[in-house]
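Since we're looking at a predicted model, the values are computed, not measured. Residue numbering restarts at 1 for every chain, and letters A, B, ... go by the order of the sequence lines.
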Amino acid sequence: MKVSIRYGLCCQFLDAPIRFRAATHRYVWGLEPAARREYLAGIARDNAAALLASVGECRRLGIGAFRINSGILPLSTHPASGYRLPGIDPDGTTEALFREAGEAARAADLRLSFHPDQFVVLNSEREAVVASSVSELEYQAAVAKLVGADVIVFHGGSTAGGRDAALERLERGIERLSERARVRAALENDDRQYAPADLLPLCRRLGIPLVYDVHHHRCRPDGLSVEEATLAAAETWNGREPYSHISSPRDGWDAANPRPHADYVDLADWPDAWRGVRMTVDVEAKDKERAVTALMREIGSGPVVKPRGRKSGRKAGQTSGG
DNA sequence: GCATGTCAAGTTGTG
DNA sequence: CACAACTTGACATGC
């Protein structure tokens with residue numbers, strides 16, 4: 001019997017010996033073209049293998065979703081040292097590995113997603129920024145299709161010129177996406193500029209679902225209750241499984257800055273409105289799979305009781321408040 | 001082997 | 001105008 005909440009891990013593991021490789025433009029630019037291709041090809045192959053291993057580890061741990069790092073094919077969209085997968089993978093070995101990872105994910109009922117970082121601003125006032133954002137989203141959409149990821153989530157972006165004008169630009173930006181990117185696109189409320197209420201009208205009009213981040217909502221409230229936002233966001237998924245994010249403030253809610261993420265999710269931050277709901281929830285916590293499995297245990301254990309102790313680790317007990 | 005400086009990208013807010 | 005905050009580790013290199 002499937003549990004109602006599908007818990008998600010973001011991008012990497014703490015305990016499992018699975019590592020994704022990265023690359024810097026400065027380094028690869030100093031290599032001869034052939035050596036550069038070989039270097040990047042090795043990273044791509046290793047990262048595809050790491051993704052396959054990640055799927056296995058998530059299944060072993062009972063984790064139901066995995067966010068794929070934007071750097072899975074590092075520098076792919078760089079204006080100078082960028083490349084496309086077939087160009088560095090002529091015999092298709094790496095592509096086959098990606099497909100295998102995707103098939104393993106489907107077999108394990110593991111939901112895959114992408115989340116481009118802050119450089120993707122579809123509604124920038126600068127055309128060059130919009131163009132590179134489209135390019136980045138198209139690259140992620142290509143990999144998403146390859147591995148069967150159904151969600152690429154990004155933020156509302158800029159508010160320059162006023163929120164209304166910026167939302168208008170966002171709509172134009174979304175229109176520039178290919179079908180492949182658009183069907184996977186989702187918007188997420190952020191902690192400074194765009195609250196759920198700011199994005200919901202656009203989401204409804206364009207049929208773009210809203211990924212509801214409850215931590216961001218608590219940092220930037222909009223008059224909607226957590227329950228109202230949860231329901232409104234869920235409706236934008238139009239029958240697909242809704243997607244949410246959760247995290248706890250590193251220094252507590254009363255801190256001058258409640259935005260940085262804590263190592264673990266405090267059970268007190270888990271919304272009551274999420275109990276018994278069918279939904280994917282990415283756990284954005286520094287302690288990665290430890291935090292995901294800890295939360296799964298705590299929620300699954302029924303009554304809201306603080307766990308006695310946490311698995312031995314770097315900073316044991318640091319979140320318990322002394 | 002370990003410490004270190006560096007890393008493609010945007011936007012906003014502060015000093 | 002310059003810079004930090006977002007986040008943040010991982011890379012190659014130099015000792």
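- Of the listed nucleotides (C:dC6, B:dA8, C:dA10), B:dA8 has the atom at the smallest distance from the side chain of A:L75.
- Distance check on atom C1': B:dA3 versus C:dC6 gives 27 Å, rounded to whole Å.
- For A:R218 and A:W270, the positive end is not near the middle of the six-membered ring at less than 6.0 Å and at most 45° from its axis.
- If you take OH of A:Y27 and C1' of B:dA8, they are 18 Å apart, rounded to a whole angstrom.
- Across all strands shown, A:S132 has no heavy atoms under 4.0 Å from either base or sugar-phosphate atoms.
- At a cut-off of 3.5 Å, with distance as the only test, no side-chain donor of A:D269 or A:H215 sits close to an acceptor on the other residue.
- The partner of C:dA5, taking Watson-Crick or G-U wobble pairs whose two distances both stay under 3.5 Å, is B:dT11.
- Nucleotide B:dT11 holds its P atom 18 Å from the CZ atom of A:R220, rounded to whole Å.
- For the pair A:D117 CG and C:dG9 P, the computed distance is 15 Å after rounding to whole Å.
- Minimum atom distance to the side chain of A:Q12 is reached by C:dG9, of the listed C:dT13, B:dT12, C:dG9.
- Comparing the P positions of B:dG10 and C:dC11 gives an interatomic distance of 24 Å, to the nearest angstrom.
- By the 5.5 angstrom centroid cut-off and the 30-degree plane limit, A:F119 is classified as stacked against the base of B:dA9.
- Distances shown here put a side-chain N or O of A:Y39 below 4.0 Å from the OP1 or OP2 atom of C:dA12.
- Protein atom CZ of A:R21 is 19 Å distant from nucleotide atom P of C:dG9, rounded to whole Å.
- The six-membered or imidazole ring of A:Y212 lies near that of A:H217, with a centre-to-centre distance under 6.0 Å.
- The distance from atom CD of A:E127 to atom P of B:dG10 is 13 Å, rounded to the nearest whole Å.
- A straight line from CZ of A:R163 to P of B:dT11 spans 16 Å, rounded to a whole angstrom.
- The nucleotide B:dT6 finds its pairing partner in C:dA10, both defining distances of the Watson-Crick or G-U wobble pair being shorter than 3.5 Å.
- When the nucleotides C:dC6, C:dA10, B:dT11 are ranked by their closest atom to the side chain of A:V129, B:dT11 comes out on top.
- Atom CZ in A:R250 sits roughly 10 Å away from atom P in C:dA5 (whole-Å rounding).
- Going from the P atom of C:dT7 to that of B:dT6 covers 24 Å, rounded to whole Å.
- Nearest to the side chain of A:T24, among B:dA8, B:dG10, C:dT13, sits B:dA8.
- In terms of phosphate contacts, A:S124 brings a side-chain nitrogen or oxygen within less than 4.0 Å of OP1 or OP2 of B:dT11.
- Annotation: cation-pi geometry not satisfied between A:R290 and A:Y264 (NZ/CZ under 6.0 angstrom from ring centroid, within 45° of ring axis).
- A:T77 contributes no side-chain N or O that forms a donor-acceptor pair with the base of B:dA9 under 3.5 Å.
- Between A:E171 and A:R205 there is a salt bridge, since a side-chain N of the basic residue sits under 4.0 Å from a carboxylate O of the acidic one.
- Rounded to a whole angstrom, the distance from the P atom of C:dG9 to that of B:dT11 is 25 Å.
- Here the side chain of A:R26 is nearest to one of C:dT8, B:dT6, B:dT12, namely B:dT6.
- Between A:T159 and the phosphate of B:dT12, there is a side-chain N or O to OP1/OP2 separation shorter than 4.0 Å.
- Taking atom P in both B:dT4 and C:dT8, the straight-line distance is 23 Å, to the nearest Å.
- Atom CG in A:D191 sits roughly 13 Å away from atom P in B:dT12 (whole-Å rounding).
- Residue A:K286 has its side chain nearest to C:dT8 when only C:dT8, B:dA9, C:dA10 are considered.
- Counting all heavy atoms, side chain and backbone alike, A:D46 lies closest to A:R21 at OD2-NH1, 2.7 Å.
- Here A:H155 and A:H115 bring their ring centres to under 6.0 angstrom of each other.
- Within 4.0 Å (heavy atoms only), A:A160 reaches sugar-phosphate atoms of the nucleic acid but no base atom.
- Using a 4.0 Å cut-off, no side-chain N or O of A:R192 falls inside it from OP1 or OP2 of C:dC6.
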